[in-house]
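Each residue takes its place number in the sequence, starting with 1. All values derive from a computational prediction rather than experimental measurement. As a basis for the values below, the full set of heavy atoms in this structure was taken, side chains included, without hydrogen atoms, waters or symmetry mates.
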Amino acid sequence: MRILTAREMRSADESAIAEIGIGSRSLMESAGRECAALILRDLEDLAMKGVVVVAGAGNNGGDGFVIARTLKAAGCPAAVVFGAPAEKLKVDSRANLESWKRFGGAVHEYTSQSADLVVELLSEAGLIVDAVFGTGFRGEPRGAAKELIDLINGARRGGVPVIAVDIPSGVDASTSQKANSSVEADYTVALQSLKVGHVLFPGTQSCGKVYVADIGIPLEIPALDNVQRTLLTSSVVSKLLRYNFKPNPQSHKGTHGHVMVVGGSAGHFGAPKMSARAALSAGAGLATMLLPERAAQEIQSQLVETMCLSAPEASDGSFAPCDAEVI
């Protein structure tokens with residue numbers, strides 16, 4: 001799976017709309033429905049206690065309106081807290097807000113006068129959906145958006161789980177940097193592909209458990225041909241090992257490589273020991289550790305498959321300074 005920046009994801013999104021002909025509102029509907037389906041599949045007990053969607057003015061907020069409508073249609077109590085005037089919404093998001101209202105959904109506009117009501121809604125929810133900012137976020141949240149993020153985190157500290165749409169609000173999808181006010185999510189639904197902010201620190205710490213939802217955006221486009229960031233999973237490693245270590249009835253340990261692990265000191269040889277074992281587990285035919293003398297003596301009785309060599313040691317049990325001829 002590729003790991004994209006916000007700009008790269010935007011290129012794929014634009015390609016799906018302009019070149020393939022997938023409507024932007026159709027993509028928003030798909031994003032919201034996939035998020036709702038995941039909630040109903042894995043978090044239904046929480047959702048049935050009541051869901052509060054906290055929506056911003058961007059497309060992420062539009063996804064949130066679809067989530068609320070889909071969950072309400074499935075029988076979940078749902079409400080929307082909206083932190084910006086409706087006239088600031090883009091066309092697709094405004095259309096989904098109106099659909100939510102026509103469906104009988106409640107919208108609570110966040111203002112200084114409604115703050116206490118919003119705090120009460122969040123604290124009594126079974127699940128909060130963070131749809132304030134998406135992957136286009138940069139810098140620092142301001143005004144109502146910052147206050148809503150702080151209220152979301154306050155409710156979470158009170159025990160209400162949070163699921164973020166695409167990426168936790170306040171996390172930069174391209175750099176993984178976190179704003180001073182950023183949502184701490186328990187779950188995150190990455191739309192179509194993982195972003196840098198999902199996998200690198202410090203942003204990954206705010207994502208919780210990350211799901212990836214396929215919303216129908218093809219990623220096989222020229223703009224992404226040179227993207228080299230890939231999620232390394234156990235299945236990927238398994239395929240690589242099967243390709244590079246093909247069975248050979250005449251193979252033996254000497255034909256599968258010999259790894260030398262250098263390190264350790266007296267009483268401290270765990271790291272080279274684990275490294276040598278990892279080398280054998282990964283497919284190396286032979287593994288040898290080079291340790292200072294006392295460390296080599298201490299570990300010899302523990303070894304079965306791994307070989308061990310010793311080198312001169314200093315008074316503290318580490319390697320002694322030596323010249324190239326001794327080595």
Side-chain angles (χ1 to χ4, degrees), residues 35-36 38-39 42-58 60-61 63-65 67-68 71-72 76-85 88 97 100 105-173 176-190 197-198 201-211:
C35 290
L38 188 147
I39 290 171
D42 288 8
L43 306 172
E44 184 179 12
D45 290 345
L46 296 173
M48 287 301 177
K49 296 177 183 178
V51 176
V52 176
V53 176
V54 184
N60 204 244
D63 297 339
F65 302 141
I67 293 170
L71 292 177
K72 182 177 173 62
C76 297
V80 168
V81 172
F82 187 43
K88 289 189 176 182
L97 175 60
W100 167 245
V107 178
H108 303 276
E109 185 176 344
Y110 176 76
T111 64
S112 56
Q113 289 76 28
S114 67
D116 290 341
L117 172 61
V118 171
V119 170
E120 183 179 352
L121 285 170
L122 295 176
S123 64
E124 294 178 352
L127 181 69
I128 296 171
V129 176
D130 164 31
V132 180
F133 292 123
T135 55
F137 171 81
R138 298 289 184 276
E140 290 287 337
R142 296 187 299 273
K146 177 187 182 304
E147 293 175 18
L148 283 171
I149 288 172
D150 292 340
L151 291 180
I152 291 171
N153 286 335
R156 181 178 180 271
R157 288 191 293 270
V160 183
V162 176
I163 183 166
V165 179
D166 212 0
I167 197 161
S169 296
V171 175
D172 189 311
S176 201
Q177 293 304 304
K178 294 167 57 175
N180 291 326
S181 290
S182 57
V183 168
E184 300 297 324
D186 299 282
Y187 313 93
T188 297
V189 185
H198 294 127
F201 288 93
T204 185
Q205 294 175 299
S206 296
C207 293
K209 183 177 182 179
V210 179
Y211 300 85

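The distance from the CZ atom of Phe133 to the CG atom of Asp172 is 12.0 Å, given to the nearest 0.5 Å. To the nearest 0.5 Å, atom CD1 of residue Ile167 and atom OG1 of residue Thr204 are 9.5 Å apart. Here the straight-line distance linking atom CG of Asp130 with atom OG of Ser182 works out to 10.0 Å at 0.5 Å rounding. Considering CD of Glu44 and SG of Cys76, their distance stands at 6.5 Å, rounded to 0.5 Å. In this structure, the separation between NE2 on His108 and OG on Ser114 is 9.5 Å, given to the nearest 0.5 Å.
Using a 4.5 Å heavy-atom threshold, the side chains of Tyr110 and Val54 count as separate. Contact of the Glu184 side chain with the Val162 side chain is not registered, since no non-hydrogen atoms from C-beta on lie closer than 4.5 Å. Between Val132 and Ile152 there is a side-chain heavy-atom pair separated by less than 4.5 Å. Side-chain contact between Asn153 and Val183 is present, with heavy atoms from C-beta onward closer than 4.5 Å. Using a 4.5 Å heavy-atom threshold, the side chains of Ile128 and Arg156 count as separate. Between Ile39 and Ile67 the shortest side-chain heavy-atom distance falls below 4.5 Å. Put simply, the side chain of Pro168 reaches to within 4.5 Å of the side chain of Thr188, judged on heavy atoms. Inter-residue side-chain proximity for Lys209 and Asp186 is flagged as unmet; no heavy-atom pair is nearer than 4.5 Å.
For the salt bridge (charged side-chain N to carboxylate O under 4.0 Å, His left out) test, no residue two or more places apart in sequence or in another chain qualifies with Asp63. With sequence neighbours excluded, no residue forms a salt bridge (charged side-chain N to carboxylate O under 4.0 Å, His left out) with Lys72.
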field: Stepwise side-chain contact (heavy atoms from CB on, under 4.5 Å) test for Leu127 and Lys49
entry: CA-CA 8 Å; Leu127 181 69; Lys49 296 177 183 178; over 6 Å; no
task: Using the side-chain contact (heavy atoms from CB on, under 4.5 Å) rule, take Leu38 and Ile163 through it: C-alpha gap first, then chi angles, then the decisive distance, then the call.
output: CA-CA 11 Å; Leu38 188 147; Ile163 183 166; 4.2 Å; yes
message: Test side chain to side chain donor-acceptor pair (under 3.5 Å) on Tyr187 and Asp42; report intermediate values, then the result.
response: CA-CA 11 Å; Tyr187 313 93; Asp42 288 8; over 6 Å; no
field: Working for side-chain contact (heavy atoms from CB on, under 4.5 Å), residues Leu122 and Val160
entry: CA-CA 8 Å; Leu122 295 176; Val160 183; over 6 Å; no
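His198 contributes a side-chain N or O that, together with a main-chain N or O of Asp166, makes up a donor-acceptor pair within less than 3.5 Å.
Comment: Lys146 engages Asp150 in a salt bridge, judged by a side-chain N to carboxylate O separation of less than 4.0 angstrom.
Here the closest heavy-atom approach between residue Cys35 and residue Val189 is recorded as SG-CG1, 3.7 Å. Closest approach of Ala179 and Pro141 over heavy atoms only: CB-CD, 3.5 Å. Minimum interatomic distance between Ala57 and Ala84 (heavy atoms only, all atoms of both residues): CB-CB, 3.8 Å. The minimum heavy-atom distance between Trp100 and Ala79, with the atom names listed, is CZ2-CA, 4.2 Å. Here the closest non-hydrogen pair linking Ala131 and Gly64 is CB-CA, 4.0 Å.
Between Phe65 and Phe82, the two ring planes are perpendicular [angle over 60°; tilted spans 30° to 60°].
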